[in-house]
Each structure stands twice: as structure tokens, then as C-alpha cells.
Amino acid sequence: MRVRLPADGAWATVRDHLAERLSVPDGVVDAMLREGRVVGADGVPVAPDAPYLAGAYVWFHRDLPAEPPVPYAIDVVYRDEHIVVADKPHFLATMPRGSHVTQTALARLRAGLGIPALGAAHRLDRLTAGLLLFTVRPEERGAYQSLFGDRRVRKEYEAVAAYDPRLDLPRTVRSHIVKERGVLAAYEVPGAEPNSESRVELIEHDGRLGRYRLLPHTGRTHQLRVHMNALGLPILGDPLYPEVRAATAPDDFRRPLQLLARVLEFTDPVTGAAHRFASGRTLEAWSAYDDWAQ
């Protein structure tokens with residue numbers, strides 16, 4: 001595997017960059033360096049304390065565990081010389097992390113489009129389907145990432161959950177959400193200063209289920225799932241809210257989370273073009289209630 005050290009890197013050593021980039025357990029990168037399994041362009045092993053050199057390449061062999069293939073395609077909605085917008089299916093992680101390496105949107109698109117430098121400008125949960133923005137040129141990635149950091153992207157989600165006629169909608173939900181490292185579910189802290197905000201609108205209902213439009217103003221981990229659960233409307237197929245369920249088999253794709261990143265709208269920071277993209281996916285529970293009744 002060949003890795004190019006990014007030109008805009010701020011890492012002190014090659015080791016520091018690989019440890020962050022590869023998302024492997026603690027100690028793995030250190031062991032690779034000690035054993036001489038990471039080499040430079042001259043074939044000489046990279047020292048454990050070798051300084052970071054922007055733009056340089058290193059090579060190594062990485063043993064990857066077998067991953068159950070996600071049996072759904074990732075569709076390209078838009079592509080130009082600066083960006084790629086993809087429509088991600090449920091169960092496909094955005095980028096390599098932990099046990100998900102080859103079965104990720106980034107890995108599939110890099111291989112399928114022949115763009116090894118493709119990078120993700122933001123993320124979606126593995127269980128959430130919908131639109132993702134990727135950058136073609138590494139030197140432009142920061143400009144697109146800042147769109148999300150500065151809240152200059154209009155994001156619209158769709159969800160399917162129970163319908164409650166007593167609930168007054170639309171409404172804006174604000175709360176203080178905490179997501180601790182190593183803990184699966186996030187939680188709200190009552191009385192704390194809000195750090196998250198979502199608008200929840202009811203699009204339609206059939207008396208049992210509702211189809212909801214969710215407009216996040218902030219981007220906390222699991223924010224929409226937490227806020228819907230707080231309203232008493234946990235999203236169908238959610239394995240974490242209102243309670244953490246027993247883990248399903250890695251190859252069980254029967255009940256996807258009924259959450260979809262439907263719309264991305266922004267002004268391109270490089271070209272100045274006004275973009276609006278919409279997902280072509282649908283949430284299956286809306287038309288298959290009996291199969292999803294809980």
C-alpha cells in the first residue's frame with residue numbers, strides 16, 4: 001500500500017501521521033515501524049522517529065481482515081474536477097476506521113473512479129444513507145471542509161418513525177449532547193447549555209408512521225437520532241436509541257436505520273457555483289409498515 005504524506009500536514013513524525021490516518025489499534029503502527037515494514041521511496045525502512053516530510057511517499061503491506069461485503073451500490077450524483085457527490089447506501093462507512101476499511105465509501109470511490117487522492121469533506125454514520133461530499137484535490141479539501149465547520153451547508157434529512165398526534169410539529173429541539181469515546185450511545189445533559197439544534201417537521205403520516213424532515217443546525221454525533229428519541233419518536237431501525245440492543249451479525253443487512261441525508265445545498269468555495277443535490281434513495285419502512293412494526 002502506498003501512502004502520500006499530505007502537503008498540509010502538521011504532524012511531527014511519519015509515525016504520528018500513520019497512527020491517525022490508518023485508524024488501527026494502539027501499537028500497530030509502532031510495531032510496523034520497529035519491524036521495518038514501512039519503507040520510503042529508496043526502499044529503506046522508515047525509522048520510528050523519522051520526521052514528517054510533506055509530499056513524500058511511504059509503502060507498507062497491511063494485513064486486512066475479511067469484511068462482509070455491503071451488498072448495495074454507491075451512486076455518483078455529481079462529479080467535476082473539484083468535487084464528487086455520492087449517494088451512500090446504508091451500512092457503508094464513510095471512510096476507513098476500525099474494522100471497516102475496504103467496505104467504505106471512500107475506498108470504493110477511489111477504486112471505482114480511479115482517484116487515489118479522493119478525500120471526504122464530511123462524514124455520515126455507517127448506518128445512515130444519503131449524500132456525501134468528496135474532494136478531488138487534496139489542496140482544496142480544507143476549503144470544502146470549512147463549509148461544514150462554518151455551517152455554510154444546508155443539510156436536509158428524512159426519517160421514518162412512529163406518528164404521535166399529540167406532538168406539536170414543527171418544532172426546534174435544542175439540548176446539550178455528549179458522546180464519550182468508547183461508548184456507543186450519546187446522551188443529553190439536562191439543564192446544560194445547548195450545543196445542538198435540530199428542526200423537526202412532519203411531512204406526512206398514515207396514522208401509524210410519520211415521514212419527517214430533519215434540518216440540523218449543528219452537527220453533533222448522533223444528533224438527529226438523539227433528538228428524535230427525546231421527542232418520543234426513535235427512528236425505526238435504530239440499534240442504539242432508545243436503548244442499546246444486542247449487536248447483529250456483521251452481514252445482517254435486513255433492517256437499515258430509517259434515516260437518509262436527503263439534500264446538500266451550498267455555494268462552492270472554489271468555483272463560486274451554487275449547488276443543490278438530492279438523494280435518489282427512499283426509506284423502505286414508509287411503504288412496508290408491517291415488516292417494520294416494533
**Prompt:** Among side-chain atoms of Ser279 and Asp87, is any donor-acceptor pair under 3.5 angstrom?
**Reply:**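 Side-chain D/A pair, Ser279 to Asp87: present.
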**Between NE2 on residue His17 and CG on residue Leu22, distance to nearest 0.5 Å** =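 Separation between the atoms: 7.5 Å.
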**Item:** Atom pair CG (Leu169) and OH (Tyr163), whose distance is rounded to the nearest 0.5 Å
**Value:**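 These two atoms lie 9.0 Å from each other.
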**Request:** Using the six-membered ring wherever Trp is involved, compare the ring planes of Phe277 and Tyr78 and label them parallel, tilted or perpendicular (cut-offs 30° and 60°).
**Result:**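 Because their plane-to-plane angle lies in the 30° to 60° range, the rings of Phe277 and Tyr78 count as tilted.
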**Message:** Below 30° counts as parallel, above 60° as perpendicular, anything between as tilted: where do the rings of Tyr57 and Trp59 land?
**Reply:**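 Tilted: the ring planes of Tyr57 and Trp59 meet at 30° to 60°.
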**Request:** Look at atom CD of Glu243 and say whether more than 12 heavy atoms of other residues, nucleotides or ligands are closer to it than 6.0 Å.
**Result:**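 Result for CD/Glu243: open.
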Name every donor-acceptor pair, under 3.5 Å, that has one atom in a side chain of residues 183-194 and the other anywhere in the protein, sequence neighbours excluded.
residue, atom, partner, partner atom, Å
Tyr187, OH, Glu180, OE2, 2.8
Glu188, OE2, Ser175, OG, 2.5

**Asked** Mind checking whether Glu140 and Thr135 have side chains closer than 4.5 Å, heavy atoms only?
**Response**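 A side-chain contact is absent here, since even the closest heavy-atom pair is not under 4.5 Å.
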**Side chain to side chain, Leu214 and Ser198, heavy atoms closer than 4.5 Å** =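 A side-chain contact under 4.5 Å is absent here.
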**Asked** Could you walk me through whether Trp11 and Leu18 pass the side chain to side chain contact (heavy atoms under 4.5 Å, CB included) check?
**Response** CA-CA 10 Å; Trp11 300 272; Leu18 293 179; over 6 Å; no
**Prompt:** Could Arg262 and Glu156 be called an ion pair, given the rule that one side-chain N must be under 4.0 Å from one carboxylate O?
**Reply:**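 A salt bridge is absent here (no side-chain N lies under 4.0 Å from a carboxylate O).
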**Asked** Does anything in residues 214-240 pair up under ring pair (Phe, Tyr, Trp, His ring centres under 6.0 Å), and if so which pairs, sequence neighbours excluded?
**Response**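 Found His222-Tyr241.
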